[in-house]
Each structure stands twice: as structure tokens, then as C-alpha cells.
There are 2 protein chains.
Amino acid sequence: MTGTKKSSNNKNSQSYKIFSSKKHVDVVKGQVKVKILDALCKKNMSFNEIVELTGKAKPTVSQHLSELVTNGLIVSIKDPNDKRRKIFSINAEFLGELSSDNEAKFDIEEYFSNISNSSDPFDFYRLILRAVRTEFWNDGINIDPILHKAGIRVGKVFYNELQGEDLESFLGNIEKFWEEKHLGRVEVKTLDPIVICVYDCFECKDLPEIGEPACSFDSGLLDAIFSKYLDKDVTTIETTCFAMGDECCTFVIN
Amino acid sequence: MTGTKKSSNNKNSQSYKIFSSKKHVDVVKGQVKVKILDALCKKNMSFNEIVELTGKAKPTVSQHLSELVTNGLIVSIKDPNDKRRKIFSINAEFLGELSSDNEAKFDIEEYFSNISNSSDPFDFYRLILRAVRTEFWNDGINIDPILHKAGIRVGKVFYNELQGEDLESFLGNIEKFWEEKHLGRVEVKTLDPIVICVYDCFECKDLPEIGEPACSFDSGLLDAIFSKYLDKDVTTIETTCFAMGDECCTFVIN
């Protein structure tokens, strides 16, 4: 049922990254701009820090920053500690990536020729999700950030059904919910940190092995419900996944 | 459950179109290039026809065509009727569109605040599909061509289950398949042309009203199974849809 992702030999492969500000969606290609945006997604930075990060001359960096400010993707504010200096911060969200190199693929024709029919109607829905996912992969498009956002929205809707008096009953409700909705079988591995495994995961089971975790929607679901339960922002990290050749998905709630 | 797509007042809104050649994915922004690619997706054209289409000076058009050939998105061949002339044809596939104007949206926050819980696990899978769809819409990304391609792949896999001795039994098998997989209730309206309606369609039911048909995956499914049955390429056109405010989806098989 699985295929292996082909490795790429093209050292010149480039990618387009898609960012969305409040006003518009922008496609960013240049390596320097992408490097700056990636870094600012993690933390605010001063001009000198950005110069150091990119290894480019100051006028070059200044020009890139000016264009990113004009496009509305970043904003600059005065450093409260030194009003002559500027601090740059991200004003956009990373949405996804288009790889300009179409070589790095599993073989989608072979993958679909091995799909076996099933009488379980849930398998058909899971196949729809996989078909959409593999089609994006085949076209070199990474939609993980958007799947993750969609998972967060759905998680927020269903949190009310999962609330429990204590951690044990909350985790029990999650196990029950996943089972009732045919999303997979949840097993809690540890409580500190919270680590859960999902067997027969709706999102990744039978996906091609691409060597990376694939459950971005599921991670978003877990982010939302654990953030609500713990009343603070948590980030779910997937450490094992069917798409990495593992038997179950392991999610660590940080 | 539905929201209304906000209209855009921004006359300067532009869009990025994503094309994929056999070698790579490319993002095309310029209006002239997009116009040329859109036209070549429909038919091959001569240089003079492209000049007329764009209304631009010959050297300008020549420069655009040269860049598109270099990028591998189009190819030129000698006109068999006049070897001094070139015929241009598309060498890429239209994958989707990013609207640079984020104003043209329904209100996704309002939409999700009105999602009602349901004990039917199929409703949860349908919600996953809707959540992904609305998240792309909210970010100004049109993924219809990719959903359509994914539908075609799945349709090809399942055609064997649907084959019938004659048109009547084939259509009967489709009705049964849609019902068994919880995809909706199919009613055949006419046979020449073949027109079918789908009530409670898995793809669009409860989507926001955006004023356009939304069932690209479903259209792809139908394209694939009717193309196989009729042994010729057919194109399914969706004329009514829940996302247009209609009670059912109407598909005309051309």
C-alpha cells in the first residue's frame, strides 16, 4: 500500500513559500527574504541580528526589509531600550510551500494502483483525505500549515464534548471520542509529559512513506483541545507516524 | 450554518496562478503571462493569435513567450502548414490560484461558531473536509483543480465496482454506491444528456454560500467513472450546489 518518496538530486531546486498577512496572500521566492521571514516567525529581531543571520551586506538587507515592510509581511517598531534602533517582527502567517522541483516524489500512479477496495464506508472517507493529500504532495505542494489550522478550528468546536473533571477523565473522553468517530485507537503512554499514541490513525494510515510525520490536522486538533484544557498554548509534536514507516502516531504535548 | 462571501472593493486585487510542468511547479503573477497560459490551456495558438489576444506589442509578447518556454510551461512547434510560423502549446497543468486580495471572504470565525455537534461519525469526516476547504478559502487559495484531480484518481479505482450491463444498471450502481458510502442520495434526472442530482452531498453540504459550485472532488469522481463507462473523455459540469444556495447538486455529464 505504501510507496517510497524519491530523493532529489537537483541541487538547484528552489521553493516558493506562501505567507498571508491580514491584507493579502504573498508568494515569496528569494532565499534571503524566506530566511528572514522564517526567522521572524520564531522571534522578533533587530537589524543587526538580521544582517548576521543572512550574512549579506547591510544595504542588501535593508532593501529586503524595506520590501517586506511595503508588502505588509513584516513591521518595524522602535526598540524600547534604544529608540535609534528598530525591531522587526512578523505580520504574516506561513501558509505552505510550493517546491519548484517536481522530482522529489513518491510514485502516485503506483500508489493508486495498489489501493484496495473496502466495504467500510469510513475507509472511503479516509481515502478521500489521502487522495487530496497525495495529490498535493505529487504537485510539490506542502499544505501542512493549513491542515494544522483547520485541525485547531475543529478541535475548538469539539472541546466542550471532551471536558473532564480531571486529567484522567479528560484523556478517557479523548480515547472514547477518537473511537466513536472512527479516528483511530488512542493509548496514553505517559502523563508528564503527556504522550499519546494513535493506532489506525484516520489521517496517515496507508499514506506513502515520505519519511516525515504527516498528521498536521490531528496535531492541530490536539493542540486546540490540550490548550483549552491546560489553559495555555501547547504545541503538539508528532514523533512517529505511519508516513515515517511506524506502526502508530506518537504525539508529545509540550 | 452558512455565511455569505464578502464582496471585494479592491480593484487592484491580483492573483497568483500555480502551474505545474513535468519538471517543476511555477507561480505566475503577471497578467499577460496568465492570460496566455489560460488561453493555451484551451487550445494551441499561433504568435499572431497570441498578440491579438493580449493586445500587446509584438516584442513584448515575444519576450513573455520566450520566458514561458524557458520555464518549461509552454512549448513551440513549427506550424505544419507554414514552417516559418510557430504554434505554441501548453506544457503545464493549472493547479490552483492564490488571490492576493484577502478581502473577498466569508467570515470563517462566524462560520465555525455555528457548527453544531453531531453524534453521526460521518458528519465528523465531512466536517474535516469542510474545515480544510474553508481554511483554504479563508486564505484566498483556490484548490479546485487539485481536488478535481484527486477525485479522478479515486473514481478510476472504484469504477470496477460500478460497472453495469447497461446504462440503467450502471446508474443504479452509482446510486447504491453513493448511499452505501454515505456520500449523498443520487437521483437521475435525465438520460440524454445524463443529468444527476445529489442530495446531502458529502462535499458541499453545510459549506458557506460562496455563490459558486464547490464539488470539485465529486465532479472528478463522476468525470472518471463516466469517462470509463462511455469510453471517451467526459466533462462534468456542476450547475447547482449547496454552496450556491441550492438544495442539491446538479451534475450534467457532457
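All chains are named by letter (A, B, ...) in the order of the sequence lines, taking the proteins before the strands, and each is independently numbered beginning at 1.
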Please list, one pair per line, the donor and acceptor atoms closer than 3.5 Å that link side chains of residues 158-165 of chain B to other protein atoms, with sequence neighbours excluded.
{"from": "N160(B)", "atom 1": "OD1", "to": "Q163(B)", "atom 2": "NE2", "distance (Å)": "3.4"}
{"from": "E161(B)", "atom 1": "OE2", "to": "N117(A)", "atom 2": "ND2", "distance (Å)": "2.8"}

Region of F112(A) that comes under 4.5 Å of a non-hydrogen atom in chain B: both

Atom group of I128(B) that falls short of 4.5 Å from chain A, counting heavy atoms: both

Which residues share a side-chain contact (heavy atoms from CB on, under 4.5 Å) with Q63(A), sequence neighbours left out: E67(A)

Trace of the ring-ring contact (aromatic ring centres under 6.0 Å, His included) decision for F124(A) with Y125(B): CA-CA 10 Å; F124(A) 193 80; Y125(B) 274 92; over 10 Å; no

Part of F122(A) lying under 4.5 Å from any heavy atom of chain B: both

Closest-packed option against chain B by number of heavy-atom pairs under 4.5 Å, given E135(A), R126(A), E109(A): E135(A)

Residue S119(A) versus chain B: region with a heavy atom under 4.5 Å: backbone

T250(A) side-chain N/O to C197(A) backbone N/O, donor-acceptor pair under 3.5 Å: no

Chain B contact via F19(A) - side chain, backbone, both or neither, heavy atoms under 4.5 Å: neither

Less than 3.5 Å apart, which donor and acceptor atoms pair up between the side chains of residues 141-149 of chain A and the rest of the protein, not counting sequence neighbours?
{"from": "N142(A)", "atom 1": "OD1", "to": "D144(A)", "atom 2": "N", "distance (Å)": "2.9"}
{"from": "D144(A)", "atom 1": "OD1", "to": "R133(A)", "atom 2": "NH2", "distance (Å)": "3.0"}
{"from": "D144(A)", "atom 1": "OD1", "to": "S216(A)", "atom 2": "OG", "distance (Å)": "3.4"}
{"from": "H148(A)", "atom 1": "NE2", "to": "D223(A)", "atom 2": "OD2", "distance (Å)": "2.9"}
{"from": "K149(A)", "atom 1": "NZ", "to": "E93(A)", "atom 2": "OE1", "distance (Å)": "3.4"}
{"from": "K149(A)", "atom 1": "NZ", "to": "D139(B)", "atom 2": "OD1", "distance (Å)": "3.1"}
{"from": "K149(A)", "atom 1": "NZ", "to": "D139(B)", "atom 2": "OD2", "distance (Å)": "2.7"}

Reference residue W137(B); test side chain to side chain contact (heavy atoms under 4.5 Å, CB included); the match among L207(B), I108(B), V132(B): L207(B)

Option in A131(A), G151(A), P121(A), S113(A) with maximal non-hydrogen atom pairs under 4.5 Å from chain B: P121(A)

Plane angle bin for Y229(B) and F170(B) - parallel if under 30°, tilted between 30 and 60°, otherwise perpendicular: parallel

Any residue of residues 178-188 of chain A which, by heavy atoms, sits under 4.5 Å from chain B: E180(A), K181(A), H182(A), L183(A)

Main-chain N/O of P213(B) paired to E238(B) side chain as donor or acceptor, under 3.5 Å: no

